[in-house]
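Below, read A as the first sequence line, B as the second, and so on, with proteins coming before strands; counting in each chain starts at 1. Every value quoted in this text rests on a predicted model; they were computed, and no experiment measured them.
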Amino acid sequence: MSEAESQGAEDALIAARRDKVARSRAAGRDPYANDVRAEARTSLAALRAAFAPAREAGEAERYQPEQVERLGEGRSYLVVGRLMARRGFGKASFLRLRDGSGELQLFAKLDVLGEDFERLSELDLGDHVEARGGVMVTKTGELSLQLTALRLLGKALRPLPDKWHGLTDVDQRYRRRYVDFVATPEAAGVLRARSIIVQGLRAFLDERGFLEVETPTLHTLVGGAAAKPFRTHHNALDLDLFLRIAPELYLKRLLVGGFERVYEIGRCYRNEGISTRHNPEFSMLEYYQAYATYETLLAQTEALLRSVDAHLGARLEALGQGADYQRWLEARPFSLAEPFARLDMREAVLSGLGRAALPAALLEELPSLALGAGATPTPEQLAAGQRVEQLARTSERSRRVDWGNLRRALVAAESSGERLFLAYEFFVEPFLAEDYRTSDGAKSLPVFILNYPFEVSPLARRKDADPSLTDRFELFVHGRELCNAFSELNDPDDQAARFRDQVAKKARGADETMDYDADYVRALEHGMPPAAGFGLGVDRLTMMLTSQPSIRDVIAFPLLRPETE
RNA sequence: GGGUCGAUAGCUCAGUCGGUUAGAGCUGCGGAUUUUUAAUCCGUAGGUCCAGGGUUCGAGUCCCUGUCGACCCA
């Protein structure tokens with residue numbers, strides 16, 4: 001970039017910083033020096049920890065000068081980081097330094113710092129610097145480093161956002177996440193929490209003898225979930241491929257291969273809308289456990305979530321982010337502390353209808369309520385419309401049911417199983433958070449929904465007692481789906497029939513169906529041990545545990561429409 | 001896809017009923033200040049008011065279209 005291009009206010013700010021770079025260079029100092037003796041460096045958190053004994057009880061950030069002096073023993077410390085604030089007083093100056101572990105005040109005095117003091121004018125907020133000095137306490141009791149040396153390590157040519165308000169434009173926050181993480185400490189904290197959550201998931205499974213594996217993300221077929229895929233192409237093989245929508249079918253091939261416990265944490269891709277709960281690429285945990293049933297996984301799911309949450313709380317506390325965790329914990333509308341509720345889907349629907357003062361027989365009546373197409377409504381369609389209006393008036397809760405979308409969805413429902421599932425989605429799921437509460441009523445209780453119809457569960461094992469249902473559950477936390485688990489279907493003939501149903505559905509126009517995976521059926525024909533499998537959305541789990549309103553807050557670089565210029 | 005709200009300096013925001021040269025704080029630059037905590041004080045620079053069209057003597061402001069974003073609904 002040439003200097004001649006500069007124009008406008010932003011460029012003037014950048015030009016001023018470039019001038020300082022030139023001044024540094026002219027004086028023989030490298031504005032991008034890379035010769036920090038890292039082994040001599042003390043992190044700001046470590047430095048604070050070393051002087052913690054001098055902290056005054058009660059007063060969080062006041063230190064006793066004599067004790068600090070004794071602990072310091074005249075030692076000199078080397079610290080590095082980004083300059084976050086500066087308050088100048090002529091022949092003295094206060095600077096705020098931030099590194100990856102925390103922050104510390106630097107105190108520069110002309111008579112102590114010497115000639116480096118003049119170079120303060122070459123520094124800007126945002127610059128990376130190296131500082132050296134002894135630890136002392138200022139008049140207000142703040143732990144500080146009294147500088148004996150200070151130099152630039154990496155010039156920031158662009159200014160940081162407003163030091164008090166930070167970056168508030170939501171679009172700018174997600175577009176310039178590197179600025180957001182500097183300007184919004186909580187945003188950085190959420191990313192740290194995410195890493196800890198993933199560690200917690202791994203630790204839980206590793207302790208139980210699971211093997212972490214990686215399976216293909218480039219698939220030749222669509223399978224493992226109901227979703228629209230991204231398409232891509234391999235040139236050398238001239239092969240059309242899909243980005244995976246789920247790892248399920250490969251993980252179960254590993255069960256056939258003799259691995260009894262496997263898991264994968266990885267990216268999946270779904271070519272669907274973007275919302276506060278959906279990003280086109282997202283992370284899923286799936287694990288498969290031979291000789292387990294979905295009932296085994298019920299208890300294991302509660303244990304997993306509590307274990308991860310405990311791990312998160314403990315690690316954040318250790319990192320000095322305990323206040324963040326406490327704030328997130330209080331903000332949660334749900335609690336993991338009490339045993340989760342367990343509901344059979346059909347019973348949940350009947351109970352949901354009852355709570356809305358709707359007749360149980362409505363389940364059988366649903367097909368006639370489907371929204372008809374066509375310009376002029378038939379008498380049947382008019383009757384259906386009147387019937388829905390009547391039903392919607394039966395109770396306050398019935399009024400809150402999304403009848404319009406239920407009627408639209410019913411058009412595509414081809415079986416009583418699909419209609420049961422729709423009834424669950426419209427009469428039960430929206431009310432889970434208010435209907436199932438902790439014993440004190442303060443928070444919602446996570447709810448397991450059990451026994452899904454086989455038509456909406458093409459990879460799950462049928463129930464022995466009722467083959468129209470499957471050994472499957474989903475976990476809803478505050479009304480939002482978090483986990484999906486079932487006993488695996490290992491009968492190759494049944495699986496082949498389910499695939500054929502999926503293909504037939506696609507032929508009838510459904511767009512979120514699976515392809516027939518002949519290799520997977522062949523794998524089952526070689527024999528898959530009885531097993532249960534589990535899936536969990538890592539992004540959603542992170543949102544829940546850190547009380548973040550948007551999935552974009554838990555993803556480092558969420559997908560955005562490209563900037564236009 | 002529909003509705004509501006929004007877009008003004010690098011950042012955070014004002015801008016009255018349509019009226020003269022669009023303001024403030026932070027950041028920057030110059031100055032004062034050797035214990036500050038969003039330091040303070042003085043001075044100064046910084047604008048295609050999202051884009052295009054329209055109404056008007058006159059538009060940041062009113063109208064239309066578009067772009068982008070947020071939220072809600074689907």
Side-chain angles (χ1 to χ4, degrees), chain A residues 6-21 23 59-63 65 68 83-98 103-114 117-118 120-127 133 135-147 155-176 178-180 182-185 272-278 371 400-409 411 425-426 430 549-553 558-565:
Chain A
S6 43
Q7 50 180 327
E10 180 172 29
D11 292 312
L13 294 180
I14 292 172
R17 292 180 177 220
R18 285 190 186 280
D19 283 347
K20 295 178 188 177
V21 167
R23 264 189 277 157
E59 303 272 355
E61 286 310 317
R62 282 187 75 94
Y63 289 77
V68 165
L83 224 42
M84 297 305 293
R86 168 162 56 183
R87 294 177 286 276
F89 282 82
K91 300 189 179 69
S93 199
F94 296 92
L95 308 168
R96 186 136 202 100
L97 187 72
R98 179 195 290 176
E103 297 192 356
L104 186 74
Q105 175 166 275
L106 309 179
F107 182 39
K109 264 167 79 172
L110 175 61
D111 51 13
V112 179
L113 183 51
F117 192 87
E118 295 157 37
L120 274 172
S121 65
E122 281 171 25
L123 296 179
D124 287 291
L125 298 187
D127 286 356
V135 175
M136 48 89 74
V137 178
T138 62
K139 201 165 77 179
T140 56
E142 179 163 352
L143 194 70
S144 308
L145 198 71
Q146 173 134 24
L147 298 186
K155 189 67 188 175
L157 291 177
R158 290 175 183 271
L160 289 171
D162 188 292
K163 65 184 171 190
W164 186 242
H165 301 95
L167 204 55
T168 60
D169 184 311
V170 181
D171 186 54
Q172 286 301 310
R173 283 190 49 211
Y174 296 135
R175 281 193 194 285
R176 304 201 190 166
Y178 38 84
V179 176
D180 189 30
V182 174
T184 318
E272 293 162 7
I274 295 177
S275 78
T276 49
R277 289 186 300 281
H278 300 88
L371 194 69
R400 289 162 54 204
V401 170
D402 186 352
W403 291 96
N405 278 317
L406 169 60
R407 297 185 69 197
R408 269 184 280 279
V411 177
E425 283 191 308
F426 285 85
S550 169
I551 195 168
R552 289 178 169 180
D553 295 316
L559 182 68
L560 301 169
R561 191 186 302 272
E563 274 181 282
T564 49
E565 233 172 313

When the C1' atoms of C50(B) and C42(B) are compared, how many Å lie between them, rounded to an integer?
37 Å
* Under 4.0 angstrom between Lys20(A) side-chain N/O and G28(B) OP1 or OP2 -> no
Scanning all shown strands, the Watson-Crick or wobble mate of G1(B) with both distances under 3.5 Å is C73(B)
The Watson-Crick or G-U wobble partner of U67(B), with both key distances under 3.5 Å, is A7(B)
Across every strand shown, the nucleotide meeting Watson-Crick or G-U wobble geometry with G43(B) (both distances under 3.5 Å) is C29(B)
So, the side chain of Arg23(A) versus the backbone of Arg18(A): is there a donor-acceptor pair under 3.5 Å, distance only? no
Nearest-nucleotide check on RNA chain B, Leu560(A) vs Val137(A); residue mapping nearer the 5' end is Val137(A)
Looking across every strand, which nucleic acid part, if any, lies under 4.0 Å from Gly404(A) by heavy atom: base, sugar-phosphate, or nothing?
nothing
Check: Would one find a side-chain N or O of Lys109(A) under 4.0 angstrom from OP1 or OP2 of U35(B)?
Finding: no
Query raised in the report: Roughly how far apart, to the nearest Å, are G52(B) and U67(B) at atom C1'?
Result: 10 Å
Here the distance between atom C1' of C41(B) and atom CZ of Phe89(A), to the nearest Å, is 11 Å
From CG of Leu110(A) across to C1' of U35(B) the rounded distance in Å is 15 Å
task: Sticking with atom C1', work out how far U55(B) lies from C63(B), rounded to a whole angstrom.
output: 7 Å
Atom CH2 of Trp164(A) and atom C1' of U27(B) are separated, to the nearest Å, by 16 Å
Checking N1-N3 plus N6-O4 or O6-N4 for Watson-Crick, or N1-O2 and O6-N3 for wobble, each under 3.5 Å, the partner of U35(B) is none
Taking only the C1' atom of each, what is the distance from G31(B) to A45(B) in whole angstrom? 15 Å
For the C1' atoms, the ones on C41(B) and on U36(B), what distance do you get once it is rounded to whole angstrom? 15 Å
In whole angstroms, the gap separating P of G28(B) from NZ of Lys163(A) amounts to 8 Å
(message) Do His165(A) and Thr168(A) pair up side chain to side chain, a donor and an acceptor below 3.5 Å, judged on atom types alone?
(response) no
When Lys155(A), Lys20(A), Arg98(A), Arg158(A) are each screened for salt bridge (Lys or Arg N to Asp or Glu O under 4.0 Å) with Asp127(A), the one that passes is Lys155(A)
Nearest-angstrom distance, P atom, G2(B) to G66(B): 10 Å
Out of U35(B), U34(B), U27(B), minimum distance to the side chain of Arg17(A) belongs to U27(B)
Minimal heavy-atom distance between Thr138(A) and Ser144(A), with the atoms involved, is CG2-OG, 3.2 Å
To the nearest angstrom, the CD-P distance between Gln172(A) and C68(B) comes to 15 Å
*Which part of the nucleic acid, if any, lies within reach of Asp111(A) when heavy atoms closer than 4.0 Å are counted: base, sugar-phosphate only, or nothing?*
base
Name the orientation class of the two ring planes belonging to Phe94(A) and Phe107(A) (parallel below 30°, tilted from 30 to 60°, perpendicular beyond 60°).
parallel
Over all strands shown, is Arg552(A) touching base, sugar-phosphate only, or nothing at heavy-atom distances under 4.0 angstrom?
sugar-phosphate
Tyr174(A) atom OH is separated from A70(B) atom P, nearest whole Å, by 8 Å
Exercise. Would you say a side-chain N or O of Thr168(A) is under 4.0 Å from OP1 or OP2 of U12(B)?
Worked result: yes
Checking N1-N3 plus N6-O4 or O6-N4 for Watson-Crick, or N1-O2 and O6-N3 for wobble, each under 3.5 Å, the partner of A22(B) is none
query = Would you say Arg408(A) reaches C73(B)'s phosphate, i.e. side-chain N/O to OP1/OP2 under 4.0 Å?
reply = no
Does Ser550(A) use its side chain to pair, donor to acceptor, with the backbone of Arg552(A) at less than 3.5 Å? yes
Checklist entry - Between the base of G25(B) and the side chain of Asp162(A), is there a donor-acceptor distance below 3.5 Å? => result yes
Closest of G10(B), G69(B), C29(B) to the Leu13(A) side chain is G10(B)
* To do: Determine whether Lys109(A) and Ser93(A) make a side-chain contact, defined as any pair of heavy atoms from C-beta on separated by less than 4.5 Å.
  => no
request  = For U36(B), take OP1 and OP2 only and decide whether either is under 4.0 Å from a side-chain N or O of Arg87(A).
outcome  = no
Say we look at U56(B) and G69(B): how far apart would their P atoms be, to the nearest angstrom? 35 Å
Quantified in whole Å, what is the C1' atom distance between nucleotide U12(B) and nucleotide G30(B)? 25 Å
Leu559(A) CG to G69(B) P, in whole Å, measures 11 Å
How would you label the contact of Leu167(A) with the nucleic acid (heavy atoms, under 4.0 Å): base, sugar-phosphate, or nothing?
sugar-phosphate
| message | With hydrogens left out and only the distance checked, is there a donor-acceptor pair under 3.5 Å joining Glu142(A)'s side chain and the base of U35(B)? | response | no
The Watson-Crick or G-U wobble partner of U55(B), with both key distances under 3.5 Å, is none
NA contact type, Ser93(A), heavy-atom cut-off 4.0 Å: base, sugar-phosphate, or nothing?
nothing
Discussion item. Salt bridge check, Arg175(A) against Asp171(A): does any charged N sit closer than 4.0 Å to a carboxylate O?
Written reply: yes
Asp19(A) atom CG is separated from C29(B) atom P, nearest whole Å, by 10 Å
Ranking U34(B), G28(B), U27(B) by distance to the side chain of Ala16(A), first place goes to G28(B)
Looking only at U27(B), U35(B), U12(B), the nucleotide nearest the Pro159(A) side chain is U27(B)
Using Watson-Crick geometry (N1-N3 plus N6-O4 or O6-N4) or G-U wobble (N1-O2, O6-N3), each under 3.5 Å, C49(B) is paired with none
